[in-house]
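First up is the structure itself, then whatever we jot down about it.
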There are 2 protein chains.
Amino acid sequence: MVAVETRELRYFVAVAEELNFGRAAQRLGMAQPPLSRAIAQLERRLDATLLERTSRGVTLTGAGAVLLDEARAALDAVVAAERRTRRAAEVADGRPAVVLASKAGASTELIAKLLDAYASEPNSVSVDMLLCGPGEQGRLLRTGRADVALLHRPFDSLSGLDHETLSTEGQVVLLPAGHPLAGRPQVRTSDVTDLPGLPQPRWPRADGGYPDGPGPKVRDHAQLQQLVSLGRASVIAPESARTNLGHDLTAIPVVDAPQVTTVIAWPPHSRSVAVADLVRTAARL
Amino acid sequence: MVAVETRELRYFVAVAEELNFGRAAQRLGMAQPPLSRAIAQLERRLDATLLERTSRGVTLTGAGAVLLDEARAALDAVVAAERRTRRAAEVADGRPAVVLASKAGASTELIAKLLDAYASEPNSVSVDMLLCGPGEQGRLLRTGRADVALLHRPFDSLSGLDHETLSTEGQVVLLPAGHPLAGRPQVRTSDVTDLPGLPQPRWPRADGGYPDGPGPKVRDHAQLQQLVSLGRASVIAPESARTNLGHDLTAIPVVDAPQVTTVIAWPPHSRSVAVADLVRTAARL
DNA sequence: GGAGGCGATACCCAAGAGGTATCGCCGCCG
DNA sequence: CGGCGGCGATACCTCTTGGGTATCGCCTCC
């Protein structure tokens, strides 16, 4: 009884996601029969029924759902191994660098200070910035595309990452300067969620669709910035986000919004000295 | 160029650990030439020199060292996927259970309270205890042999695990009742590290060897307990450890020893409701 | 300078991954 | 009710490739 190969895990993930052998095979660039056989062999090897087959398609069993989760994590770890090794080999060729992931549109001020401070450290290497969508930093770290990331509690999950917290700030609502609420010293969440004419914008979900609601759909921060500057939307954001937006806006503290903490995170077993230096520098800011 | 397979990672880890193709091949139950070829192919696939070959043996390159770390983590994730799926399939057969790992010899009182409280929860499943050596809990979680673990900061690393802290306690030194220091209300670490006739016992390192020093070698808690009870060794331990040892001992607070916190930890992407219930129960104790 | 340990090469074989054709099953629709 | 179409499984073949044996070339240490 040989051990499980990543090929089998990739096959299983494809089938489990498509819930259709034909489409999964197509996605994998292979024919359907060998895929069916590979999955059957995997089930025999694990003594587990992973899929319930009907002539109308396929559904996941409990064990299948567990394997889907675990296989994704394992495959992430494998591609991380591959990528990090490739990058380590480049380092040997004389181009050492760290990749720092951060949500696009996040506090440029903090990042600039960090990069500055780190660059003046002894033995510092060049830092490549990798800007990503909200919540993607974790995956970038797990798959080895990034070495360190800045993320923001409570929005981003720190699950499975080591981290150090850098700063904490309250949240404000950004409104056009002339808005009736603009004079208030503070507001509550409920005061601003359903403002007439100033709906909260809608972000795409993980599946690419948008939640229902009246707000305008936004895909990135540029769109958001434009909408807010035009007075077509309001947004609750960390205080530091204010500096990124136009000056014709008022920021009013939202007292009952959760505090936002910025943390620097890295994959658990990182041994890179560059990452350690960067983290140490960040913690001292 | 196809992706990396776990077989190749296993081969590489074997070679990197043995630093000798022949022995690695033997350990893997195969001949040396195909192993050499497999590693060469892996190097080509990653465009990286992983090993420096001399006629006298093999040394790791920088990229090789990175891959060794990453490959171990990835392989752990793969075996975890395998094991958890197997167990999930058993669950479908009607024997649901959670495996709780804990250092052998750790506070039985806390564990008993936890198991009791959890058993009386609705929907609780049976809990299998897995006792292990100090510091092994993390690996058990990562490789899927355990679902939750109790561990103790600052001794155990929480790196890469999600956790909830349960309790904090000071440390005491355990001495024979008649010892000159036994009457003191408190001591400092420096007072008890070099007591004549009461050396600190030595625990095996990760490689199985023992550090140098005068103390007796111990391999498990039974030996330690015996030594302390016989008055042949002193030991600094969390307050709660006291109840496990004989009553002819005095426990004196060590004021400058770090606080010990007991945490319950689980692998990052755990979706098991049983684990969640157990954690919630533990947090309420 | 010869012996022995070590990794690489050359060459062969067989396991097994993958392709094509086809079957059996079951909804669906005319 | 019967044929069509979608889906997964089977049968059978091919050829890639992983693994074995024999051997070489190199270096180190007697």
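All chains are named by letter (A, B, ...) in the order of the sequence lines, taking the proteins before the strands, and each is independently numbered beginning at 1.
Within a 6.0 Å radius of CZ in A:R53, other residues, nucleotides and ligands contribute more than 12 heavy atoms.
The 5' end of DNA chain D is approached more closely, in terms of each residue's nearest nucleotide, by A:V58 than by the other of A:V58 and B:Y11.
For the salt bridge (charged side-chain N to carboxylate O under 4.0 Å, His left out) test, residues two or more places apart in sequence or in another chain that qualify with B:R87 are B:D147. Every residue two or more places apart in sequence or in another chain that forms a side-chain hydrogen bond (donor to acceptor under 3.5 Å, both in side chains) with B:R84 is listed here: A:E70. The salt bridge (charged side-chain N to carboxylate O under 4.0 Å, His left out) check on A:E90 picks up A:R95, with sequence neighbours excluded. Scored by the salt bridge (charged side-chain N to carboxylate O under 4.0 Å, His left out) test, A:R219 finds no partners at all (sequence neighbours excluded). With sequence neighbours left out, the side-chain hydrogen bond (donor to acceptor under 3.5 Å, both in side chains) criterion links B:S159 to A:D162. Evaluation of the salt bridge (charged side-chain N to carboxylate O under 4.0 Å, His left out) rule for B:R27 yields B:E17, B:E18 as partners, not counting sequence neighbours.
In terms of heavy-atom proximity, A:A80 sits nearest to A:G144 at CB-N, 3.6 Å. The nearest pair of heavy atoms linking A:L130 to A:V99 is CB-CG1, 3.8 Å.
Atom P of nucleotide D:dT17 and atom CZ of B:R44 are separated by 11 Å, given to the nearest angstrom.
The list of side chain to side chain donor-acceptor pair (under 3.5 Å) pairs with a residue in residues 121-137 of chain B, not counting sequence neighbours, reads B:E121-B:R284. Listed by first and then second residue, the salt bridge (charged side-chain N to carboxylate O under 4.0 Å, His left out) pairs that reach into residues 148-160 of chain B come to none, sequence neighbours excluded.
Listed by residue number, A:N20, A:F21, A:G22 are the residues of residues 12-23 of chain A with a heavy-atom contact under 4.0 Å to DNA chain D. In the region residues 25-43 of chain B, proximity to DNA chain C at under 4.0 angstrom, judged on heavy atoms, holds for B:Q32, B:P33, B:S36.
Under a 3.5 Å cut-off, the side chain of A:E5 and the backbone N or O of B:T6 do form a donor-acceptor pair.
Taken to the nearest 0.5 Å, the OH atom of A:Y118 stands 9.5 Å off from the CZ atom of A:R280.
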Each nucleotide N or O in nucleotides 26-30 of chain D that has a protein N or O under 3.5 Å away: list the pair and distance.
unit_1 : atom_1 : unit_2 : atom_2 : d
D:dC27 : O4'    : B:S55  : OG     : 2.9

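On the nucleic acid side, DNA chain C has its first and last nucleotide under 4.0 Å of a heavy atom of chain B at C:dC6 to C:dT9, going 5' to 3'.
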